[in-house]
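Beneath this line is the structure, given in structure tokens, with notes to follow.
Remember, it's 1-based here, ligands and their atoms both numbered in the order they're listed. Sequential numbering from 1 along the given sequence is applied to the chain's residues.
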Amino acid sequence: MPADTANHSVMIAKATEALLARRPTYKNLLQFYRDIFLSQESIRLQIQIAPIDLPEELVALKQQENFPLIAMSEFNFDQAGSTRLLKTVCETIQRHNTELSDFAMTILQADAGVFDTQRLFKALLKEDNVFIVQVAQTLGVDAKALAFVVYTSLRPSIIACAGQLAARLEKRPGWLNGYCPICGNYPGLATLNEQGHSILHCHFCWHAWTVKRVFCPFCGSTDGQSQRYFYSEQEENLRVNLCDRCGKYIKGVDIRKSDYPVYPPLEKVTTLHLDIKAQEEGYQSGIELALNG
Ligand SMILES: [Zn+2]
Ligand SMILES: [Zn+2]
């Protein structure tokens with residue numbers, strides 16, 4: 001991802017513009033996510049993330065043993081920035097008049113005693129679903145929608161934290177696993193870059209890493225016989241990689257065939273027709289779809 005945030009925002013705006021012409025049925029979703037991603041970029045400029053203390057020997061050892069650098073619960077986050085973003089995300093949901101408008105209003109009006117953002121942020125990072133479900137039940141809202149809003153609000157911190165850790169891995173290429181070298185989560189999207197290299201994008205921290213061209217990130221298979229793919233009928237730069245060994249699929253974008261800027265998180269949430277097609281063919285997503293965005 002480009003280091004310069006201003007360029008990043010321009011890229012999101014340009015990518016949305018291009019996709020509005022190519023995927024008109026996604027108009028509402030594209031405009032909604034454009035606003036969400038732009039808000040996240042703006043918060044990313046303002047936040048301060050304390051560096052994670054990880055001695056060089058530990059980085060080396062974890063890499064050698066194929067362990068990710070940190071667990072999800074170890075991500076640092078900016079409490080004030082994430083709380084500001086949570087409010088903006090709820091306002092964006094209301095502005096776009098989505099089916100979650102009532103949910104957003106309940107969250108915006110929730111009493112701070114019940115709606116403790118710091119505990120919610122920590123619960124999401126610890127994968128403490130029990131706490132998230134409890135808060136959702138107390139407020140009478142959908143727990144998945146609540147998890148989505150909490151993750152979306154934390155995302156600038158998560159990306160900033162992953163960016164700091166990625167710098168530690170620069171001199172250590174060669175991570176060939178299907179899970180993220182930073183946080184251990186699976187990829188939400190694959191891209192083929194200009195050189196034809198296969199890049200995986202973590203669906204949680206959005207770190208990107210290079211893997212072998214024929215490779216299933218979910219079971220590690222490199223057997224060409226078990227790896228297939230199909231192209232989107234409407235857009236030839238979109239494809240879905242299918243694995244007959246584990247029955248999972250991952251969506252992909254071929255950058256060489258894309259005549260617009262590709263912003264991976266936007267591609268992931270506006271290609272749901274490919275998820276449907278892959279699932280109709282009997283394949284399962286390799287990731288939890290609730291964290292879209
Ligand atoms: Zn990750
Ligand atoms: Zn597989």
- Task: Report the relative orientation of the aromatic rings in Tyr231 and Tyr229; use parallel for angles under 30°, tilted for 30 to 60°, perpendicular for over 60°.
- Result: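 The rings of Tyr231 and Tyr229 stand perpendicular, inter-plane angle above 60°.
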
- Measure up the Phe204 and Phe75 rings against each other and bin them: parallel (under 30°), tilted (30 to 60°), perpendicular (over 60°).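 Aromatic pair Phe204/Phe75 classed perpendicular.
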
- Do you see an N/O/S atom of His203, backbone or side chain, under 2.8 Å from the Zn ion (ligand 1)?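 Under 2.8 Å: His203 has no N, O or S contact with the Zn ion (ligand 1).
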
- Taking 4.0 angstrom as the limit, do Arg95 and Glu91 come out as a salt bridge?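 No salt bridge links Arg95 with Glu91.
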
- Item | Geometric cation-pi criterion, Lys248 with Tyr283: 6.0 Å, 45° |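 No.
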
- Rounded to 10 degrees, the angle SG of Cys205 makes with SG of Cys180 at the Zn ion (ligand 1):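 About 100° at the Zn ion (ligand 1).
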
- Item | Metal site angle (apex the Zn ion (ligand 2)), SG from Cys216 and SG from Cys246, 10 degrees |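 Vertex at the Zn ion (ligand 2): approximately 110°.
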
